Peer 1: 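First, the structure itself, so that you have it in front of you.
A quick note: this is a predicted structure, and the numbers were derived from the prediction, not measured. Residue numbers begin at 1 in each chain, while the letters A, B, ... track the order of the sequences.
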Amino acid sequence: MKVLIRRPRREVELPGRRRVREVLKELQINPETVIVVRGETLLTSDDVVGEEERIEVIPAISGGAQ
Amino acid sequence: MKCSTCQGKAAIEIRRHNAAFCGPCFLGHLERQIQRAIESERMLAPAERVLVAVSGGKDSLCLWEVLRRLGYETTGLHLDLGIDGYSPEGRKKTEAYAEAHELPLQVIEVKQETGFTIPELGERTRRPPCSGCGLSKRYLMNRATLAGGFPVLATGHNLDDVAAILFGNVLHWQTEQLSRMTPVRPATHAKLAKTVKPLIRVTEREAVAYCLLRGVDYHEDECPNAAGATLLLYKDVINQIEAVSPGSKQAFYQEFVKKVQPHLAAGETVTLRECDVCGQVTTGEVCAYCRMMERARQTTVRRGRVTRTVLEVPPA
Ligand code: SF4
Ligand SMILES: [Zn+2]
Ligand SMILES: [Zn+2]
């Protein structure tokens with residue numbers, strides 16, 4: 001599967017079918033800090049992503065001082 | 001995973017509420033959370049006129065969208081900070097949103113207002129850009145709220161923001177700042193606008209999900225000055241705790257406001273007065289904003305280097 005990560009923008013390729021939870025763990029991303037989407041659909045941690053699919057990890061945390 | 005409300009397929013899990021929601025149920029849930037915060041903290045009266053601070057990012061546009069849907073009479077206020085590669089896009093998204101919903105929007109250009117952009121201000125005062133930025137935002141927003149005759153200013157600070165600010169203030173025991181950390185700051189002086197934070201029960205993750213599901217197009221990029229900001233570190237630490245122990249973030253802030261802040265506020269006595277230079281509210285003779293602007297004006301920039309112009313003081 002292809003995982004598009006933003007900030008910095010990069011694409012990672014992972015083998016096999018996996019649950020979203022496992023994808024985030026593998027990439028060391030805290031699930032509390034992102035939203036994962038497949039196209040326009042929001043995915044939950046137990047959703048399975050197929051070998052040929054592409055998902056996107058949208059960062060939620062912003063950090064201005066004020 | 002199933003939606004806790006309708007049993008349909010869930011789109012988002014909210015572990016601190018021990019719940020998951022499908023898209024439509026989540027939108028209703030989040031709007032109710034905001035409405036409840038507004039009512040329980042007496043932030044706004046029904047259908048009240050409110051000035052909404054909008055940067056064009058997910059939080060402020062989520063706030064504007066929800067307030068609009070809840071029937072408040074909103075006007076947007078956007079501060080163009082003049083930060084290259086960042087400010088133009090945020091302004092564009094804000095203007096596009098206002099236009100799409102035919103909502104009034106006031107834009108203040110910091111450069112036009114002060115003579116300097118935020119980066120220039122930082123360079124001239126030799127302070128981190130965020131310090132001049134925060135000060136200018138508070139000052140200009142307060143002034144715009146009063147000038148427009150708005151009873152209240154709403155900002156998009158979310159649960160992650162207030163928890164991280166609280167964490168930083170506790171880490172350094174900033175008791176004065178801590179005593180002011182409430183979701184509502186009342187107008188305790190004729191020149192001080194009431195400010196409210198309706199998103200204090202909403203995490204950044206939920207604000208992103210809300211914008212995606214409602215089709216609100218927000219500015220996704222970060223301000224270049226935010227990289228490495230300590231606030232990000234605090235948010236990271238808090239979210240690591242939250243991942244293991246859901247609900248910690250909300251309890252940390254809410255219980256502070258309920259149990260600790262009142263004691264701290266009771267010990268604080270501040271006398272507010274009007275600034276000798278600009279007439280806006282301050283504790284000293286000249287407000288922090290006027291002092292910063294004076295400092296910035298006294299500095300001249302030569303060949304890319306900043307030099308302080310020493311003012312000659314004539315002998316008495
Ligand atoms: S990161 Fe700093 S300079 Fe950038 S908008 Fe936030 S406070 Fe202003
Ligand atoms: Zn549902
Ligand atoms: Zn002043």
Peer 1: Could you pull out every donor-acceptor pair under 3.5 Å between side chains of residues 17-30 of chain B and any protein atom, sequence neighbours left out?
Peer 2:
none

Peer 1: Using non-hydrogen atoms and a 4.5 Å limit, figure out which bit of B:N239 sits close to chain A: side chain, backbone, both or neither.
Peer 2: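 For B:N239, backbone and side chain are both near chain A.
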Peer 1: Quick check on A:E11: does its CD atom have over 12 non-hydrogen neighbours (other residues, nucleotides or ligands) under 6.0 Å away?
Peer 2: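 Above 12, so yes.
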Peer 1: So which part of B:L213 gets closer than 4.5 Å to some heavy atom of chain A, the side chain, the backbone, both or neither?
Peer 2: side chain
Peer 1: At a heavy-atom separation under 4.5 Å, does B:D59 approach chain A through its side chain, its backbone, both, or neither?
Peer 2: side chain
Peer 1: Quick check: are there more than 12 heavy atoms from other residues, nucleotides or ligands sitting under 6.0 Å from CZ of A:R17?
Peer 2: no
Peer 1: Enter the distance from A:S62:OG to B:D160:CG here, rounded to the nearest 0.5 Å.
Peer 2: 8.5 Å
Peer 1: Any residues in residues 204-212 of chain B near chain A, with a heavy-atom distance under 4.5 Å, and which are they?
Peer 2: B:E204, B:R205, B:V208, B:A209, B:L212
Peer 1: Using a cut-off of under 4.5 Å for heavy-atom pairs, which of B:Q240, B:K9, B:R15 has the most such pairs with chain A?
Peer 2: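 The residue among B:Q240, B:K9, B:R15 with the greatest pair count is B:K9.
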Peer 1: Shortest non-hydrogen contact from A:T44 to B:E13?
Peer 2: CG2-N, 4.1 Å
Peer 1: Counting a contact as any heavy-atom pair under 4.5 Å apart, which residues of residues 54-61 of chain A contact chain B?
Peer 2: A:I58, A:P59, A:A60, A:I61
Peer 1: Give the interface residues of residues 29-43 of chain A toward chain B, defined by a heavy-atom separation under 4.5 Å.
Peer 2: A:N30, A:P31, A:E32, A:T33, A:V34, A:I35, A:V37, A:L42, A:L43
